[in-house]
Amino acid sequence: MAEKTTKTRSGNPVVAYFSSAIEEFSKVTWPTKEQAALLTGIVVAVSLVTAILIGAFDLGLAELYKLGLKALSQ
């Protein structure tokens with residue numbers, strides 16, 4: 001496999017890493033404030049719905065378990 005080399009003035013690999021990271025960050029297309037707010041709202045909404053569903057499922061299984069224990073103890 002061919003090795004990928006990054007040329008820097010100092011030859012320091014740490015400097016080369018951060019230089020290439022800064023270069024890549026300049027290529028990123030960042031979302032607008034409106035897009036970021038909308039996407040954040042979607043994530044929060046989906047997280048809340050998921051938490052409610054998991055909580056309801058857990059509550060249902062707990063009640064089912066209690067009924068099973070009650071039936072076995074009689």
Side-chain angles (χ1 to χ4, degrees):
M1 228 190 258
E3 240 183 82
K4 192 175 183 180
T5 59
T6 304
K7 294 182 180 180
T8 60
R9 291 182 191 157
S10 66
N12 186 340
V14 175
V15 172
Y17 172 79
F18 284 108
S19 295
S20 64
I22 291 169
E23 183 180 329
E24 289 299 320
F25 272 122
S26 69
K27 296 177 185 177
V28 174
T29 303
W30 298 100
T32 64
K33 286 183 181 182
E34 292 80 16
Q35 289 172 330
L38 176 66
L39 294 174
T40 300
I42 291 170
V43 169
V44 169
V46 168
S47 297
L48 286 174
V49 168
T50 303
I52 290 168
L53 289 174
I54 290 173
F57 188 69
D58 182 50
L59 182 63
L61 286 177
E63 291 300 318
L64 187 63
Y65 183 73
K66 286 179 188 176
L67 286 173
L69 286 178
K70 195 176 197 181
L72 286 175
S73 66
Q74 292 180 353

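All residue numbers refer to positions in the sequence shown, counting from 1.
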Reported CZ-to-CZ distance for the pair Phe18 and Phe25, which is rounded to 0.5 angstrom: 10.5 Å
dist Leu48:CG -> Ile52:CD1 (nearest 0.5 Å) comes out at 6.0 Å
Start with the C-alpha gap between Ser73 and Leu69, add the side-chain angles, then the distance that decides, and say whether side chain to side chain contact (heavy atoms under 4.5 Å, CB included) holds. CA-CA 6 Å; Ser73 66; Leu69 286 178; over 6 Å; no
Least distance between heavy atoms, Ala36 atom then Pro31 atom: N-CB, 4.4 Å
So among Val49, Thr50, Val44, which one has a side-chain contact (heavy atoms from CB on, under 4.5 Å) with Val46? Thr50
Of Leu61, Leu59, Leu53, the residue whose pairing with Phe57 passes side-chain contact (heavy atoms from CB on, under 4.5 Å): Leu61
Considering residues at least two apart in sequence or located in another chain, which fulfil the salt bridge (charged side-chain N to carboxylate O under 4.0 Å, His left out) criterion with Glu63? Lys66
